[in-house]
Amino acid sequence: MPIVKLQQVTYHYPFTEKPALQDINLEVEEGEFVAVIGPNGAGKSTLCYTLAGFIPHFYKGELKGIVEVDGVLVQDSDLSDWVLKVGLVFQNPFNQISGAKYTVFEEVAFGLENSGVPRSEIIRRVEEVLQMTGIADLADRSPYSLSGGQQQRVALASILVMQPKVLVLDEPTSQMDPIGTREVFGVIRQMAEQGMTVVMAEHKVEWIAQFADRVIALWEGKIYLEGKPHEVLTDERLVEKGFGVSRYTTTARLALPRGLWQKERPLPVTLEEAVAGFSALRNARRKQG
Amino acid sequence: MNIQIENLSFRYPNGVLALRRVSLEIAPGEQVAVIGQNGAGKTTLVKHLNGLLLPTEGRVRIGDWDTRHYSVAKLARRVGYVFQNPDEQLFTKTVAEEIAFGPRNLGYPGERIQELVEDALQLTQLQAMRNTNPYDLSPTWRKMVAIASILAMDTPILVFDEPTTGQDAASVTRLAMIIAELKRRGKTVITITHDIDFCAENFARVIVMGGGQVLLDGPARTVLGKAEILAQTYVDPPQITRLGLRLGLAEVVCTPQEFLDAFEKQCAA
């Protein structure tokens, strides 16, 4: 049974003629990790807002079709109930941080306080999440004294601590250093393994290939391609439409006409695939030579 | 215009020592990338260039101006600063007004302002959006408006704080073109970035920061091959450089083309 179900979803922001999402059909299974890619303006953030209930409860405009999470229609639910099921990590952490709290610890505890969780449990869960997201050492700092990447970790922690059934993330690592990005992908993967359903808008294809179960490529508000990460991310049609592709894929494409990549071999997305492919070719060449 | 940073230390009011005795010299017309983990001190460092922050110890000089003796408004003639978050700097009703604000504030004559605005619109490919409200644009284009508004101030030095954040492939290419044009015009460009591949492909000099200090400083090719030091500050070498290192290529490579040339040579050897 899919936990997230979108059927023929079309959405217009107020006073716009062109739909931001058009005829979206999407089902996500419990515990699945789905990555959403697409150029800026393709509808990634709008899709995130739709799943998170901000559309139609906060952004007005016109929503058509079925948006259902865990058997409940978004139109039949209050935003305050919905956010307990679906957590959204914003693209810009400034939009997430409450401004009402002096320390990272309090900021991360804010949501639990609001839902009346007992104090001892709040402390336990916040400590656990700070550890998991790698910001335990920042617990006493002001959220506003942190760098962009650190704030993104705080934003992630403040949602994870709520233990939503569905975790929606809008480019959650855009301001993070590269190794931090990998760590955060690891944490999110671990959440999915534990049964949390994940939908993540992201540009970083190398990590998507390693961590996601499925990739949705959005283009002008529609689902353009969908499938296993490797199939989608090496599809030539992505290049035409200006999607970001892995530099390993680009390099192998350039290598093909020079006879430096074996024709029968799938194109690489990750470092390991590229190393394996180029090593195989080198060994083959040396044997011949 | 020369930038001289001597023994710069900076402590935030909350007690965090964000920079520890940093010394750097940046020559006129250099293209420099600053990389390093979150919290390494990158933004703190560049905020010293236009006087937004003043040294706790040490000295920063922009040309012959010591930043302690010049206001931020004065320093704005020499150093243009594009914030990480464009929403922190946009406030007018149209894109064109936003871009004209900087040069007007610097007291340039009307004709020059017009020229600078047109030039900035063209460089950022914003011409068609000149009469749009910046807040009706997507974050990607808002970032371009923020960049254009600084370009139009025609300063000898430009600082970009994470210009590639959340930008798609087309937008990153546009940024690379802007930086190449600024180089052609002899401007100094200092860019903070986590996009290490962008850094490898567009900057000759790379400064690596960690724990408030400069860990590495030199030509991109030398710096980006040092995987162990980079790892200390949570940075991986660029994708292509990593591939070259893993395959044991003789030289450090930064672009797909360089990789293929070096790899072909290795195969033939």
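Computed from a predicted structure; not experimentally measured. In what follows, chains carry the letters A, B, and so on, assigned in the order in which the sequence lines appear, proteins first and then strands, with residues in each chain numbered from 1.
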* What residues of residues 133-146 of chain A sit under 4.5 Å from chain B when you count only heavy atoms? ->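 When heavy atoms of chain B are the reference, residues 133-146 of chain A contributes A:R141, A:S145 within the under-4.5 Å range.
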* Asked: What residues of residues 152-160 of chain A sit under 4.5 Å from chain B when only non-hydrogen atoms are counted?
  ->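 Interface residues of residues 152-160 of chain A: A:R153.
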With chain B, which of [options] has the greatest number of heavy-atom pairs at distances under 4.5 Å?
| options | result |
| --- | --- |
| A:S147, A:G38, A:G148 | A:S147 |
| A:Q91, A:K204, A:M176, A:E171 | A:M176 |
| A:I179, A:N92, A:D170 | A:I179 |
| A:G242, A:G244, A:S45, A:A255 | A:A255 |
| A:G41, A:S174, A:A252 | A:S174 |

* Asked: More than 12 non-hydrogen atoms from neighbouring residues, nucleotides or ligands closer than 6.0 Å to CD on B:Q127, yes or no?
  ->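 Yes.
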* A:K101, NZ atom: more than 12 neighbouring heavy atoms under 6.0 Å ->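 Yes - once you tally the heavy atoms of other residues, nucleotides and ligands closer than 6.0 Å, there are more than 12.
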Sub-3.5 Å donor-acceptor pair from the side chain of [X] to the main-chain atoms of [Y], do we have one?
| X | Y | result |
| --- | --- | --- |
| B:T233 | B:V235 | no |
| A:K44 | A:P39 | yes |
| B:T222 | B:G218 | no |
| B:D197 | B:Q239 | yes |
| A:E106 | A:Y102 | yes |
| B:E98 | B:F91 | yes |

Contact origin within [X] toward chain A - heavy atom pairs under 4.5 Å:
| X | value |
| --- | --- |
| B:E162 | side chain |
| B:E258 | neither |
| B:V172 | neither |
| B:N14 | side chain |
| B:D161 | neither |
| B:Q37 | both |
| B:A40 | neither |
| B:T43 | neither |

* Can the ring centroids of A:F54 and A:Y59 be said to lie less than 6.0 angstrom from one another? ->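 Ring-ring flag for A:F54/A:Y59: false, centres at least 6.0 Å apart.
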* Between A:V269 and A:E206, what is the shortest heavy-atom contact and its length? ->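 Heavy atoms only, the tightest pair is O-CG, 4.0 Å.
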Do [X] and [Y] come within less than 4.5 Å of each other through their side chains, counting heavy atoms only?
| X | Y | answer |
| --- | --- | --- |
| A:W207 | A:T173 | no |
| B:E57 | B:L8 | no |
| A:L233 | A:I37 | yes |

Taking atom types as modelled, find out whether [X] and [Y] have a side-chain donor-acceptor pair closer than 3.5 angstrom.
| X | Y | answer |
| --- | --- | --- |
| A:T46 | A:Y13 | yes |
| B:R174 | B:Q125 | yes |
| A:Q22 | A:Y11 | no |

* Option among A:L225, A:V245, A:L267 that satisfies the side-chain contact (heavy atoms from CB on, under 4.5 Å) test with A:D235 ->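 Result for side-chain contact (heavy atoms from CB on, under 4.5 Å) with A:D235: A:L225.
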Can you tell which part of [X] gets under 4.5 Å to a heavy atom of chain B, answering side chain, backbone, both or neither?
| X | value |
| --- | --- |
| A:Q150 | both |
| A:Q175 | both |
| A:E272 | side chain |
| A:N283 | neither |

Among the listed options [options], the residue most often paired with chain A at heavy-atom distances under 4.5 Å:
| options | answer |
| --- | --- |
| B:Q167, B:K42, B:R246 | B:R246 |
| B:T44, B:T193, B:I240, B:I196 | B:I240 |
| B:T255, B:L247, B:T140 | B:L247 |

* To do: Apply side chain to side chain contact (heavy atoms under 4.5 Å, CB included) to A:Y248 and A:E273, showing your working.
  => CA-CA 9 Å; A:Y248 301 126; A:E273 291 162 2; over 6 Å; no
* **Salt-bridge contact A:R282-B:E264 (side-chain N to carboxylate O under 4.0 Å)** =>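 No.
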